[in-house]
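For the single chain, residues carry numbers from 1 onward in sequence order. Counting starts at 1 for both ligands and their atoms, in listed order. None of these values were measured; they are calculated from a predicted model.
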Amino acid sequence: MNILVAGGAGFIGSHTMVELLNAGYNVICVDNLYNSSNEAINRVEKITSKKVKFYLCDLIYIDKLNQIFLQEKIDAVIMFAGYKAVGESSTKPLEYYYNNLLSIMNMIEVMRKHNCKNLIFSSSATVYGQNVSVPITEDSYVGDLKNITNPYGRTKLMIEQILYDVANSDKDFKMIILRYFNPVGAHDSGLIGEDPKGIPNNLMPYIAQVAVGKRSELHIFGNDYNTKDGTGVRDYIHVVDLSIGHILSLNIFFNSDKKYTADGINNNIYIYNLGTGIGYSVLDVKNAYEKVANIKIPYVFDDRRLGDIDELYCSPHKAKNELNWVAKRDLFDMCETSYNFQKNNPKGYDDMNNHNIVFAERK
Ligand code: NAD
Ligand code: UDP
């Protein structure tokens, strides 16, 4: 089976490519390297001793994408590609709508043209909006656009709606929407991990940079939330567990003996939360990191970050019951692998090692 991984050079994509290759799938990676590096792909090959076919291609160019589908027989697509920085999306809303919406629409159009009708889409807990009660199930109310605090989150909700409409119009098109909670950590090898450009937006990569002395102190956004210690509570999920969730989801396309609960009226759209179901506060994460790294993380309490809520964690039962998926790695594994990657790669990936590039696009 040939799986096209769009955005495969990125954080979650690279880990998922490892699991796909280990499970025996052929992997075709498409990425414009806007937020990633060739080196991640080289390292996926190193970890697995298997080859990835890589196309440097921007999904906003439909003709190039079409060429790839002419060259390759694709059985399913996993769509990671998109811009993802919550804060930046408020200052560059048009770029986010343009890139995220056009990329998925081009992908679907080309898939249909080539009769490839199996799509997994990376969605986010952010679609549940602000007024959600925990634990969040797949049936929890999905927020309306005004209830989501940033353009990035709104692109996710808009794309989910597009997927619904396409699935309803074409009953052969199978769509899986995976709503991720807070993906963190890195591969055990220490070769691949999260390599944010500039100042990290997210908690775990920020702590990692404090741990190796790249930043002086952690700023904890708010200590007056309605939580056990006043700091925000989230459902952190190890990126390797998350990646395995994608491999198990592929069974919906390729192994239809089992019963999966569809969401769409034509029984061809499936939604799963991927999280551990356990909520940890910012202080829990900091303390766990200190323990595994055997290091002190200096911190200060700062103002609340706009749009943040008290606590967000999921019920992972649907994924467990239907996909047979259980998150096996705990908070210490998440911190340990994050620290290991950061120590081994204090400057992130080294871009000098160019992968075999098929053709280039927008730069
Ligand atoms: P990432 O930025 O590391 O990976 C995304 C990849 O897509 C990058 O390699 C980037 O270069 C590529 N890309 C972006 N626009 C493209 C385009 N037009 N054409 C081709 N390639 C393009 O992000 P990630 O953390 O791996 O996230 C993957 C997906 O999961 C994203 O859609 C993100 O919104 C979603 N998600 C991430 C998180 C998280 O916390 N990391 C949480 C929920 C959902
Ligand atoms: N957070 C923080 N300092 C940081 C980054 C994040 O205190 O530098 C907090 C944030 O307020 C939230 C939690 O850590 O309570 C997780 O934030 P993150 O951005 O990692 O994920 P989110 O759930 O917002 O997508």
Side-chain angles (χ1 to χ4, degrees), residues 5-16 29-38 40-41 55-61 64-65 78-87 89 95-96 98-104 106-107 121-127 149-150 152-153 155-156 159 178-184 193-197 199-207 209-210 215 217-223 225 227 231-237 239 242-243 246 274-275 279-286 299-313 361-362:
V5 183
F11 172 45
I12 305 170
S14 55
H15 289 80
T16 303
C29 172
V30 174
D31 203 301
N32 64 357
L33 301 182
Y34 173 82
N35 193 38
S36 52
S37 159
N38 277 331
I41 302 166
Y55 289 90
L56 180 64
C57 167
D58 193 319
L59 297 176
I60 66 163
Y61 297 110
K64 291 294 178 193
L65 188 58
I78 307 183
M79 180 67 177
F80 293 108
Y83 295 165
K84 66 158 184 180
V86 170
S89 76
E95 285 87 338
Y96 272 69
Y98 188 77
N99 188 60
N100 292 5
L101 297 181
L102 194 54
S103 293
I104 189 73
N106 283 346
M107 180 62 79
F121 175 68
S122 303
S123 191
S124 164
T126 188
V127 299
T149 52
N150 58 81
Y152 161 74
T155 69
K156 291 294 180 198
I159 292 170
L178 299 179
R179 294 182 181 145
Y180 310 157
F181 279 67
N182 288 58
V184 295
E194 192 167 10
D195 179 24
K197 299 213 189 309
I199 302 171
N201 294 299
N202 300 110
L203 179 65
M204 184 80 79
Y206 201 103
I207 293 180
Q209 293 196 0
V210 175
R215 308 209 174 264
E217 60 192 7
L218 169 67
H219 292 251
I220 297 182
F221 302 141
N223 60 352
Y225 284 104
T227 60
T231 66
V233 166
R234 297 291 181 274
D235 186 338
Y236 298 92
I237 164 92
V239 64
L242 184 71
S243 299
H246 294 71
L274 295 182
Y280 288 110
S281 71
V282 176
L283 287 171
D284 287 335
V285 177
K286 178 196 79 71
Y299 69 95
V300 288
F301 287 119
D302 220 327
D303 292 342
R304 285 181 176 207
R305 190 172 61 178
L306 203 67
D308 275 355
I309 60 177
D310 299 308
E311 40 181 13
L312 208 61
Y313 55 89
E361 272 306 335
R362 186 175 60 161

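- Here the side chain of Asp58 pairs no donor or acceptor atom with the backbone of Tyr61 at under 3.5 angstrom.
- Of the N or O atoms in Ile220, none lie within a sub-3.5 Å distance of an N or O in ligand 2.
- Heavy atoms of Asp308 found under 4.0 angstrom from ligand 2 belong exclusively to the side chain.
- Within the 4.0 Å heavy-atom criterion, the part of Asn182 lying near ligand 2 is the side chain and not the backbone.
- Around atom 37 (C) of ligand 1, the closest heavy atom drawn from Asp58, Ile12, Asp31 belongs to Ile12.
- Closest heavy-atom approach to atom 17 (C) of ligand 1 within the set Ile60, Ile104, Asn35, Asn32: this belongs to Asn32.
- In terms of N/O distances under 3.5 Å, ligand 2 is not approached by Tyr206.
- Annotation: Pro183 places no N or O atom under 3.5 Å from an N or O atom of ligand 1; distance criterion only.
- Of the options Asn223, Asn202, Ile199, the smallest heavy-atom separation from atom 18 (P) of ligand 2 is shown by Asn202.
- Between the side chain of Asp302 and the backbone N or O of His219 there is no donor-acceptor pair closer than 3.5 Å.
- Every N/O-N/O distance between Met79 and ligand 1 stays at or above 3.5 Å.
- Considering backbone and side-chain atoms alike, Leu59 places an N or O below 3.5 Å from some N or O of ligand 1.
- In this structure, the side chains of Met79 and Ser103 come closer than 4.5 Å at one or more pairs of heavy atoms.
- Those atoms of ligand 1 with a heavy atom of Leu33 less than 4.0 angstrom away are 11 (O).
- The shortest side-chain heavy-atom distance between Asn35 and Phe11 does not fall under the 4.5 Å cut-off.
- In terms of protein heavy-atom proximity, atom 9 (C) of ligand 2 is nearest to Val282 CG2, 3.7 Å.
- Nearest-heavy-atom check against atom 44 (C) of ligand 1 across Gly7, Ser123, Ser103, Ser122 picks out Ser123.
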Could you go through Tyr55 and Lys64, starting from their C-alpha distance and side-chain angles, then the distance that decides it, and tell me whether this counts as side chain to side chain contact (heavy atoms under 4.5 Å, CB included)? CA-CA 10 Å; Tyr55 289 90; Lys64 291 294 178 193; over 6 Å; no

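- Only the side chain of Tyr236 comes within 4.0 Å of ligand 2, counting heavy atoms alone; its backbone N, CA, C and O stay farther away.
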Please step through side chain to side chain contact (heavy atoms under 4.5 Å, CB included) for the pair Val233 and Asp310, ending with a clear verdict. CA-CA 6 Å; Val233 166; Asp310 299 308; over 6 Å; no

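- Here Lys156 has side-chain heavy atoms under 4.0 Å from ligand 1, and that is the only part of it that gets that close.
- Side-chain atoms of Leu203 and Leu218, non-hydrogen and from C-beta on, do get closer than 4.5 Å to each other.
- Every atom of ligand 1 is numbered from 1 in the order shown, and the set under 4.0 Å from a heavy atom of Ser124 is 43 (C), 44 (C).
- Tested against Tyr98 for a side chain to side chain contact (heavy atoms under 4.5 Å, CB included), the candidates Leu102, Leu101, Asn100 yield a single pass: Leu102.
- Here Leu274 contributes atom CG and Asn182 contributes atom CG; the two are 12.5 Å apart, rounded to the nearest 0.5 Å.
- Within the 4.0 Å heavy-atom criterion, the part of His219 lying near ligand 2 is the backbone and not the side chain.
- Using cut-offs of 30° and 60° on the angle between ring planes, the pair Tyr96 and Tyr152 is perpendicular.
- Using modelled atom types, one finds a donor on one side chain and an acceptor on the other under 3.5 Å when comparing Ser122 with Tyr180.
- Residue-ligand proximity, Asn201 to ligand 2, at heavy-atom distances under 4.0 Å covers atoms 5 (C), 19 (O).
- Comparing Tyr280, Tyr180, Phe221 by heavy-atom distance to atom 4 (C) of ligand 2, the nearest is Phe221.
- Under 4.0 Å from ligand 2, heavy atoms of Leu203 appear from its side chain as well as its backbone.
- For ligand 1, the atoms lying closer than 4.0 Å to a non-hydrogen atom of Asn99 are 15 (N), 17 (C), 18 (N).
- Nearest to atom 33 (C) of ligand 1 by heavy atom, out of Tyr83, Tyr152, Tyr55, is Tyr152.
- Residue-ligand proximity, Ser36 to ligand 1, at heavy-atom distances under 4.0 Å covers atoms 8 (C), 9 (O), 11 (O).
- Summarising the contacts of atom 15 (O) of ligand 2 with Pro205, Gly222, Gly232, the nearest heavy atom is found in Gly232.
- Contact check for Leu312 versus Ile309: side-chain heavy atoms found under the 4.5 Å cut-off.
- If you number the atoms of ligand 1 from 1 as listed, the ones under 4.0 Å from a heavy atom of Cys57 come out as 19 (N), 20 (C).
- Counting heavy atoms from C-beta on, the side chains of Arg215 and Ile199 come closer than 4.5 Å.
- For ligand 1 and Tyr34, the ligand atoms under 4.0 Å from any heavy atom of the residue are 11 (O).
- Of the protein's heavy atoms, Arg305 NH2, 3.4 Å lies nearest to atom 17 (O) of ligand 2.
- Using a 4.5 Å heavy-atom cutoff, the side chains of Val30 and Leu59 are in contact.
- Of the possible donor and acceptor atoms, none in the side chain of Asn202 sits under 3.5 Å from a partner among the backbone N and O of Met204.
- Residues Phe80 and Val5 have side chains in contact (heavy-atom distance under 4.5 Å, counting atoms from C-beta outward).
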